[in-house]
Amino acid sequence: MTFTTRPEIRGTFGVVTSTHWIASSVGFGILEKGGNAFDAAVAAGLVLQVVEPHLNGPAGDLPAILYDAEKRKPEVLCAQGTAPAAASIEHFEKLGLNLIPGSGLLATVIPGAFDGWMLMLQDYGLLSLREVLEPAIDYAKKGHPILPRVSYTIEGLKEFFTDEWPSSAEVWTPDGKTPAPNTNFKNPYLADTYQRILDEAEAESNDRSGQISAAREIWRNGFVADAICNFLSEASVMDVSEQKNSGILVREDLANWQATIEDTTSIDYHGWRIHKTQPWSQGPVMLQALSILKRFDLDAMDPNGEEFIHTVIEVMKLAYADRETYYGDPDFTDVPLDYLLSDKYAAERSQLIGEKASFAQRPGHLPGFEHLAEGYIARAQRDFEVTCGVSAGEPTMAHLTEKRGDTVHLDVIDRWGNMVAATPSGGWLQSSPVVPGLGFPLNSRAQMFWLEEGVPNALAPGKRPRTTLTPSFAEKDGMQLVFGTPGGDQQDQWQLIWFLRFVHHGLDLQEGMDCPLFHTNHFQSSFYPREVKSGEMTIEPAVGQDVIDGLRARGHVVTVAEPWSIGRLTAALRHPCGMLQAAATPRLMQAYAVGR
């Protein structure tokens, strides 16, 4: 018998797994009420904004992969907001900036999460707006046990909030005090915002679809838009650049944007078909890594051994170099994705993997795109000479850097076979001052753009930043799997490692999550201040000292993390017979899977 930290949740009715036990319970309650996977995902996602406000919020971003059992086709819900119409490289350069700050109003793109959840509910769900909104309203109004890490984050920013972002101090430090860990914390401002949206939507229409449409319109053209744009029209606030800057988002930006549905990007791997987002997200980087790894006998490798870890690390370095070189919004740039995912290219890249760790940045030099490869190599060596004040960026592991935000994740499967994998993020309490009266801040996703003309991820009006948010869907012989994790640049690294152990070594969902994780920091970070740590990797100590010593002997610069500190994976699996499974990481002691 294999012993795991959590039971492997199994059943046939439905499963919900997420990065917070309350959200998982709420989502499963929606299934019990007769809702489908999409209803459950929306309700759980809205609750995650309340219980993990240091990791996501209403004005953040949302990519999701949706599988409709009737359509029998996975699709991507893209609720990644675009750059405002006034977002030009020239504007930022005139402010003396080499990089877009990792916090504050200047880094805001159009908020996408709320409209994305409403689109999912409207086009795929069954329940009413009230039924999915009420749990979030209830927890915001009546309170929830505040996570210790939320409390520590607020305490670290308390003085900054008081001095620079007083609207944030009002929400996060009521009565001037940091809420103590595990005490009941309320956000009445957010509760009032969602309650007003619900009341106005129900007053507008008696029809389910009409009410959801009204809620979307209230967000982009009603009192929510009024509050956001009135605040931005006057505010100039301190951000991570250690200067005060004003936002450039205006009413027309909000009014003219909506979430969309699009096709996935996918490849075959050892009988599985793996689906990810388009290259406006880093999603295809996992597909590139899998394509290269087809050339290695991973079955014969110890899944916690030196050879496996070295091989995967070196492959990820190559895939991420291509991410930094070629990925961007395909509506604006020609991303040679077919070539990057081709067997021919993967075979060429596999030849670069040696016995020693590489310290070079090695993007592929694709025909006609050679200038982009040289440009990335130069950019990775550049000193941007930026300051890095309080409330910066997004880390790879938020629990190790309390002042920065991160991400959440959820997976849902219902009894009919509908599935959702969603990775909401952005709009966390560290990112930007709270919009007065609304109870939530704006996002800082624009920090992922480059202020450099001619590169695929260059800032431009109406363009999606090349985000790190990347849910997953995989299928094989009637089995279907949804999975994902928070973690910024590490998302597709941790998912890749878990998936490889699942496919090649037969580890069940929870077994794989209990295994030690690792990642490379070798490539250019997506987050301010855009650091490169050549040859560096981080690993959990459970692999054993012999493995760590072996990796160092191969030349890797190894940082040994605290035990049980890397990765926040969740996953759910449907078997052809209708049996369901779900699992959640034990790390941080807050993710949980629920099902029957």
Side-chain angles (χ1 to χ4, degrees), residues 282-293 296 298 301 303-327 340 346 349-350 352-364 376-377 379-381 393-398 400-401 406 466 468 470 485-501 515-527 529-543 547-562 565-569:
Q282 73 176 5
V285 78
M286 180 175 164
L287 304 182
Q288 280 196 250
L290 288 169
S291 189
I292 299 170
L293 285 165
F296 296 88
L298 299 184
M301 299 181 189
N304 294 310
E306 174 192 327
E307 184 181 12
F308 175 83
I309 295 168
H310 168 76
T311 302
V312 174
I313 285 282
E314 292 303 296
V315 167
M316 290 192 299
K317 290 177 183 178
L318 297 176
Y320 273 81
D322 283 346
R323 180 200 77 166
E324 282 304 292
T325 301
Y326 298 110
Y327 290 17
L340 292 171
R349 298 291 272 169
S350 70
L352 297 176
I353 308 300
E355 293 299 314
K356 294 289 186 178
S358 171
F359 278 66
Q361 299 293 336
R362 298 186 290 179
Y376 167 60
I377 293 170
R379 191 163 60 250
Q381 298 171 340
E394 176 186 69
T396 56
M397 293 178 286
L400 300 183
T401 48
D406 195 2
R466 197 276 301 143
T468 55
T470 172
T485 178
D489 289 313
Q490 276 59 57
Q491 288 181 29
D492 277 310
Q493 300 193 58
W494 298 335
Q495 291 182 68
L496 172 69
I497 296 160
W498 177 84
F499 184 70
L500 292 173
R501 289 166 170 165
C515 282
L517 283 168
F518 55 89
H519 61 261
T520 176
N521 306 303
H522 174 77
F523 50 87
Q524 193 144 38
S525 170
S526 299
F527 304 95
R530 313 304 291 269
E531 294 176 300
V532 175
K533 298 180 179 179
S534 296
E536 295 190 19
M537 63 168 290
T538 303
I539 195 165
E540 290 181 314
V543 296
V547 171
I548 293 168
D549 291 342
L551 292 167
R552 286 173 172 156
R554 289 176 181 260
H556 297 279
V557 180
V558 182
T559 295
V560 181
E562 292 296 315
S565 64
I566 298 178
R568 296 180 65 203
L569 285 151

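Residue numbers count from 1 along this sequence. Basis for what follows: all heavy atoms, side chains included, without hydrogens, waters or symmetry-related copies.
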*With a 3.5 Å cut-off and no angle check, do the side chains of Asp489 and Ser526 form a donor-acceptor pair?*
yes
*Heavy atoms, side chains only, cut-off 4.5 Å: are Leu293 and Leu496 in contact?*
yes
*Would you give the length of the straight line joining atom CD1 of Ile566 to atom CD1 of Ile539, rounded to the nearest 0.5 angstrom?*
7.5 Å
*asked:* Quick check: do Ile309 and Met537 have side-chain heavy atoms less than 4.5 Å from each other?
replied: yes
*asked:* Taking Arg554 first and then Glu306, would you say they form a salt bridge - that is, a charged N and a carboxylate O separated by under 4.0 Å?
replied: yes
*Less than 4.5 Å apart, any side-chain heavy atom of Gln490 and any of Thr538?*
no
*Taking atom OH of Tyr376 and atom CD of Gln381, what is their separation to the nearest 0.5 Å?*
10.0 Å
*Would you check if Met286 and Gln491 make a side-chain contact, meaning some heavy-atom pair closer than 4.5 Å?*
no
*Heavy-atom distance under 4.5 Å between the side chains of Arg552 and Ile548, does that happen here?*
yes
*Validation row: Thr520, Val312 side chains within 4.5 angstrom (heavy atoms)*: no
*Identify the two heavy atoms, one from Cys515 and one from Asn304, that lie closest to each other, and give their separation to 0.1 Å.*
CB-OD1, 4.1 Å
_For a side-chain contact (heavy atoms from CB on, under 4.5 Å) check, start with the C-alpha distance between Leu290 and Phe499, then their side-chain angles and the critical distance, and finish with the verdict._
CA-CA 10 Å; Leu290 288 169; Phe499 184 70; 4.2 Å; yes
_When you measure from the side chain of Thr311 to the backbone of Glu307, do you find a donor-acceptor pair of N or O atoms at a distance under 3.5 Å?_
yes
*Quick one: sort the Tyr320 and Phe523 rings into parallel, tilted or perpendicular, breaks at 30° and 60°.*
parallel
*How far does CD1 of Ile353 sit from CD of Glu314, to the nearest 0.5 angstrom?*
5.5 Å
*How long is the span from the CZ atom in Phe518 to the CD1 atom in Ile497, to the nearest 0.5 Å?*
3.5 Å
_Charged N-O contact under 4.0 Å between Asp322 and Arg349_ = yes
*Given side-chain contact (heavy atoms from CB on, under 4.5 Å), test Ile313 with His310 step by step and report yes or no.*
CA-CA 5 Å; Ile313 285 282; His310 168 76; 5.9 Å; no
*So, Gln282 versus Tyr327: side-chain donor-acceptor pair below 3.5 Å or not?*
no
*Determine yes or no for a side-chain-to-main-chain donor-acceptor pair under 3.5 angstrom, with Gln495 supplying the side chain and Thr470 the backbone.*
yes
*Could you grab the distance from atom CG of Asp492 to atom OG1 of Thr468, nearest 0.5 Å is fine?*
9.0 Å
*If you look at every heavy atom in Glu540 and Glu562, which pair is closest and at what distance?*
CG-O, 4.4 Å
*Where do Lys317 and Ala357 come nearest, in terms of heavy atoms and distance?*
NZ-CB, 4.0 Å
*Contact check, side chains of Arg466 and Arg323, non-hydrogen atoms, under 4.5 Å*: yes
*Side-chain contact, heavy-atom cut-off 4.5 Å: Arg530 with Glu324?*
yes
*Could you pull out the closest heavy-atom pair between Ser534 and Gln361, with the gap in Å?*
OG-NE2, 4.0 Å
*Please round to the nearest 0.5 Å and tell me the distance separating atom OG1 of Thr325 and atom CD of Gln524.*
9.5 Å
*Measure across Pro363 and Ala321 and return the closest heavy-atom pair with its distance rounded to 0.1 Å.*
N-CB, 3.6 Å
*asked:* Looking at Glu536 and Thr559, would you say the former's side chain and the latter's main chain have a donor-acceptor pair under 3.5 Å?
replied: no
*asked:* Show, in sequence, the C-alpha distance, side-chain angles and deciding distance for Leu569 and Leu517, and conclude whether the side-chain contact (heavy atoms from CB on, under 4.5 Å) test is met.
replied: CA-CA 11 Å; Leu569 285 151; Leu517 283 168; 4.1 Å; yes
*Could you pull out the closest heavy-atom pair between Asn521 and His519, with the gap in Å?*
OD1-CD2, 3.3 Å
